[in-house]
Amino acid sequence: MSAKLIKGTEIREEILEEITKEVAEIKEKHGKVPGLVTILVGENPASVSYVTLKIKTAHRVGFHEIQDNQPPDISEEDLLAIIDKYNKDDDIHGILVQLPLPKHIDDKKVLNAIDPDKDVDGFHPVNVGRLMIGGSEVKFPPCTPAGIQEMIVRAGVETEGAEVVVVGRSNIVGKPIAVMMMQKGRGANSTVTVVHTRTKNLDEHCKRADILIVAAGVPGLVKPEWIKPGACVIDVGVNRVGEKISEKTGKKVAILRGDVDFEAAKEIAGYITPVPGGVGPMTITMLMKNTLNSLKFKLGLM
Ligand code: GUN
């Protein structure tokens, strides 16, 4: 058997089209567009490329967007003052501080300073709490887990009563996706197990999964014999395992590998996400969705 590929690149296009249409409708009816500011401290090359793509995508869907770049030696106090300025700005509905921050800045303090009703990353403790309560309390689910759930739904995979095994317990992916899949509601109602580096018999847990979500950061961790035939396998791992020269651009690019042994796994799984082009493109897409929803909450449309 060869698994059906769940392509994030295709689902991204579908969702961005939907967002663009909705932004135009809201602009027409209410005279407002979602506003997103990205705050980047320093020039970490990976962060620069992420932020550039976030701003480019925000522009594409018709948002008001601000790319606020700050020098690497900005003081914590000055950064907090910038956040305060955007908290008070009525044209800004989403504030994103790109991580990691330089060592002299306390990232917890910075993330906690963002107005929870503009925290489109979903990292503020208030939004983590809202996610835990579930249902209508949830405002901004964190973007990568929200993207994973959306992919599962749009692929038509049944989650109701499904055995979901999450490999990894990070605050950004493992913990929130586990909570989201066990809640009542669309794309959820699953029975969830979370496994991690201290779990005994990792393979035995994985073998029970109808939906296996792997966010361990270990290239090729999940072997084909750990996969239940027909299961849905979501590979969140993006591991740089080397470099190559791109045939398209002639430039050096990273060779990326997921947490799952893709070539062998695709012969056993029913559905599988590729790396790259799987979960990756969904994170920025869901950031756009959260920013749109932030304006909709403000206008009383949600
Ligand atoms: N750095 C890497 N990924 C992310 C993300 O999703 N949000 C923020 N704020 N910083 C990041």
- Take Leu36 and Ile66 through the test side-chain contact (heavy atoms from CB on, under 4.5 Å) and record every step on the way to the result. CA-CA 6 Å; Leu36 173 69; Ile66 299 176; over 6 Å; no
- Partner set under side-chain contact (heavy atoms from CB on, under 4.5 Å) for Ser49, not counting sequence neighbours: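 If we apply the side-chain contact (heavy atoms from CB on, under 4.5 Å) test to Ser49, skipping adjacent residues, there are no hits.
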Salt bridge flag under 4.0 Å for residues [X] and [Y]:
X	Y	answer
Glu18	Arg154	yes
Lys223	Asp203	no
Arg208	Glu163	yes
Lys298	Asp115	no
Lys207	Glu204	yes

- Which is it for Val236 and Ile213 under the side-chain contact (heavy atoms from CB on, under 4.5 Å) test, yes or no, and what are the steps along the way? CA-CA 7 Å; Val236 191; Ile213 301 171; 4.1 Å; yes
What pairs of donor and acceptor atoms, side-chain ones from residues 249-260 against any protein atom, are under 3.5 angstrom apart with sequence neighbours left out?
| from | atom 1 | to | atom 2 | distance (Å) |
| --- | --- | --- | --- | --- |
| Thr249 | OG1 | Ser246 | OG | 3.2 |
| Thr249 | OG1 | Lys251 | N | 3.2 |
| Asp259 | OD1 | Gly217 | N | 3.4 |
| Asp259 | OD1 | Val218 | N | 3.1 |
| Asp259 | OD1 | Asn239 | ND2 | 2.9 |
| Asp259 | OD2 | Ala216 | N | 2.7 |
| Asp259 | OD2 | Gly217 | N | 2.8 |

- Query: Are any of the side-chain heavy atoms of Ser2 and Glu267 separated by less than 4.5 Å?
  - Reply: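 Result yes, sub-4.5 Å side-chain heavy-atom pair found.
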- Message: I'd like to know whether NZ of Lys7 has more than 12 heavy-atom contacts from other residues, nucleotides or ligands below 6.0 angstrom.
- Response: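 It does not: Lys7 NZ has 12 such atoms or fewer within range.
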- Take atom CE in Met132; do more than 12 heavy atoms of anything else shown fall under 6.0 Å from it?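 Atom CE in Met132 is not packed in, count stays at 12 or less.
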Distance-only criterion, 3.5 Å: show the donor-acceptor pairs between side-chain atoms of residues 22-35 and protein atoms not counting sequence neighbours.
| from | atom 1 | to | atom 2 | distance (Å) |
| --- | --- | --- | --- | --- |
| Glu22 | OE2 | Lys296 | NZ | 2.4 |

- Message: Looking only at the side chains, is there a donor atom on one of Gln98 and Lys54 sitting less than 3.5 Å from an acceptor on the other?
- Response: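 Yes - a donor-acceptor pair under 3.5 Å links their side chains.
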- Glu150 pairs by side-chain hydrogen bond (donor to acceptor under 3.5 Å, both in side chains) with which of Lys289, Arg12, Arg186? Arg186
- Start with the C-alpha gap between Asp84 and Lys88, add the side-chain angles, then the distance that decides, and say whether salt bridge (charged side-chain N to carboxylate O under 4.0 Å, His left out) holds. CA-CA 6 Å; Asp84 189 49; Lys88 291 175 178 150; 2.8 Å; yes
- Item | Candidate pair Cys206 and Val167, rule side-chain contact (heavy atoms from CB on, under 4.5 Å), full reasoning | CA-CA 8 Å; Cys206 292; Val167 184; 4.0 Å; yes
